[in-house]
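See below for the structure under consideration.
What's counted below: heavy atoms across the whole structure, side chains too, no hydrogens, waters or symmetry copies. These figures come from a predicted structure and were not determined experimentally.
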Amino acid sequence: MQPFTTLTSTPAPLKVINVDTDMIIPKQYLKTIKRTGLGTALFSEMRYKDDGSENPDFVLNQPAYRKSEILVAGDNFGCGSSREHAPWALLDFGIRCVISTSFADIFYNNCFKNGILPIVVSQEDLDKLFDDADRGSNATLTIDLQNQSIKGPDGGTVNFEIDPFRKHCLLNGLDDIGLTMEKATKIDAYEEKLKGRAWA
């Protein structure tokens, strides 16, 4: 998993509350178990018209936000079903950080497991970040995970809280497999010890 340390990007404003996982990645794309290739389907029902052409009104289709790596979103982001394809689609599109006032628990946990940083802020701070995001390519945000801060284009800073263990995992690019592999020496020693036991 790619480590998350600092990230500077034009933030994309998605001023929608209760964005559920079916909106993030509709059910017809759940047949794959691959983590790649889902970026084109991200928010597909909002991004594309019925004829398959792009909806120019959707934020990620607008020139300033096509390469956004930060999404500023409304309350209760990632609600609905527990599909892990939702963070896969965000990551495959290029989104590494989502900022909102609250997240659904399962989606929130899945983000950390896939190298995405979900940040919870107050409504007041979210409103400021929406203002920054509305400025398009004239504004960028810098996310500093080590210092737990979001620096705005005018030098203002928003601080955020994060569980120390999750912070450690993101900073070091450790998913569940990576965490297990950190114990590889102890695992190998234990298995070697078992070889001397006839019943093992």
Side-chain angles (χ1 to χ4, degrees), residues 1-21 23-25 35 38-44 46-47 57-79 85-104 107-163 166-167 169-171 173:
M1 189 170 78
Q2 183 181 351
F4 190 114
T5 52
T6 60
L7 173 66
T8 299
S9 174
T10 299
L14 185 64
K15 298 180 181 180
V16 181
I17 63 170
N18 302 321
V19 172
D20 64 32
T21 52
M23 293 169 68
I24 298 171
I25 183 74
R35 299 186 184 202
L38 293 171
T40 55
L42 179 69
F43 297 119
S44 67
M46 292 186 279
R47 277 173 69 194
D57 295 328
F58 186 67
V59 62
L60 295 179
N61 289 336
Q62 296 167 13
Y65 305 113
R66 283 184 176 274
K67 296 189 181 297
S68 291
E69 296 177 72
I70 300 170
L71 188 65
V72 183
D75 188 54
N76 195 29
F77 190 87
C79 57
H85 292 68
W88 292 355
L90 285 163
L91 191 62
D92 194 60
F93 180 85
I95 302 292
R96 293 291 318 274
C97 176
V98 183
I99 305 171
S100 181
T101 49
S102 71
F103 295 90
F107 174 82
Y108 185 77
N109 292 328
N110 281 339
C111 281
F112 286 105
K113 291 179 179 181
N114 289 281
I116 296 173
L117 173 61
I119 298 177
V120 177
V121 297
S122 68
Q123 185 62 54
E124 180 182 2
D125 286 336
L126 187 72
D127 291 340
K128 292 176 186 175
L129 295 169
F130 271 136
D131 287 343
D132 289 334
D134 283 338
R135 293 160 62 178
S137 56
N138 294 321
T140 59
L141 297 180
T142 296
I143 313 295
D144 184 338
L145 178 55
Q146 182 64 54
N147 294 306
Q148 297 176 210
S149 67
I150 306 168
K151 186 175 181 181
D154 300 320
T157 300
V158 172
N159 294 309
F160 60 91
E161 297 297 319
I162 184 173
D163 175 79
R166 287 173 165 158
K167 177 179 178 179
C169 290
L170 278 181
L171 285 171

Report the C-alpha separation of D144 and S149 in whole Å, then their side-chain angles, then the decisive distance to 0.1 Å, and conclude whether the side chain to side chain donor-acceptor pair (under 3.5 Å) test is met. CA-CA 5 Å; D144 184 338; S149 67; 4.5 Å; no
Work out which heavy atom in P11 is nearest to a heavy atom in Y65; give both atom names and the distance. O-CE2, 3.1 Å
Return the minimal non-hydrogen interatomic distance between L145 and K167, and the atom names on each side. O-CE, 3.4 Å
Which pair of heavy atoms, one from T10 and one from G136, lies closest together, and at what distance? CG2-O, 3.3 Å
Examine distances only and state if a side-chain atom of Q148 and a backbone atom of N159 form a donor-acceptor pair shorter than 3.5 Å. no
So for atom NZ, which belongs to K67, do other residues, nucleotides or ligands contribute more than 12 heavy atoms lying within a distance under 6.0 Å? no
Heavy-atom pair with the smallest gap, counting every atom of G115 and F4: O-CD1, 4.2 Å
Could you grab the distance from atom CE of M46 to atom CG of N61, nearest 0.5 Å is fine? 10.5 Å
Worked check of side chain to side chain donor-acceptor pair (under 3.5 Å) between D75 and S102: CA-CA 5 Å; D75 188 54; S102 71; 2.6 Å; yes
From R96 atom CZ to S68 atom OG, the distance as rounded to the nearest 0.5 Å: 14.5 Å
Please give me the minimum heavy-atom distance between R66 and F93, naming the atom from each residue. O-CZ, 3.6 Å
With a cut-off of 6.0 Å (strictly less than), are more than 12 heavy atoms of other residues, nucleotides or ligands near CG of L171? yes
What I'd like to find out is whether the side chain of F107 reaches to under 4.5 Å of the side chain of P87, using heavy atoms alone. yes
dist R166:CZ -> L117:CG (nearest 0.5 Å) comes out at 11.0 Å
Drop me the distance from N114's CG to H85's NE2, to the nearest 0.5 angstrom. 11.0 Å
Could you check T157, I99, I70 and say which one makes a side chain to side chain contact (heavy atoms under 4.5 Å, CB included) with I150? I99
Give, for atom CG of D163 and atom CG of N109, the distance between the pair rounded to the nearest 0.5 Å. 10.0 Å
Flag side-chain contact, heavy atom, 4.5 Å: V120 against Y108: yes
Whether over 12 other heavy atoms sit under 6.0 Å from Q123 CD: yes
Using modelled atom types and a 3.5 Å cut-off, is there a donor and acceptor pairing between side-chain atoms of D92 and backbone atoms of G39? yes
Side chain to side chain contact (heavy atoms under 4.5 Å, CB included) assessment of F160 paired with D125: CA-CA 10 Å; F160 60 91; D125 286 336; over 6 Å; no
Residues D154, K128: salt bridge by 4.0 Å N-O rule: no
Taking the side chain as every heavy atom from C-beta outward, state whether N76 and I17 have any pair of such atoms under 4.5 Å apart. no
Over all atoms of both residues, closest heavy-atom pair of F130 and V72: CE2-O, 3.3 Å
Just how far is it from atom CD1 of I143 to atom CD1 of I119, taken to the nearest 0.5 Å? 4.5 Å
I'd like to check L42 versus I24 (side-chain heavy atoms, cut-off strictly below 4.5 Å). Are they in contact? yes
Which class fits the ring pair F77 and F43: parallel under 30°, tilted 30 to 60°, perpendicular over 60°? perpendicular
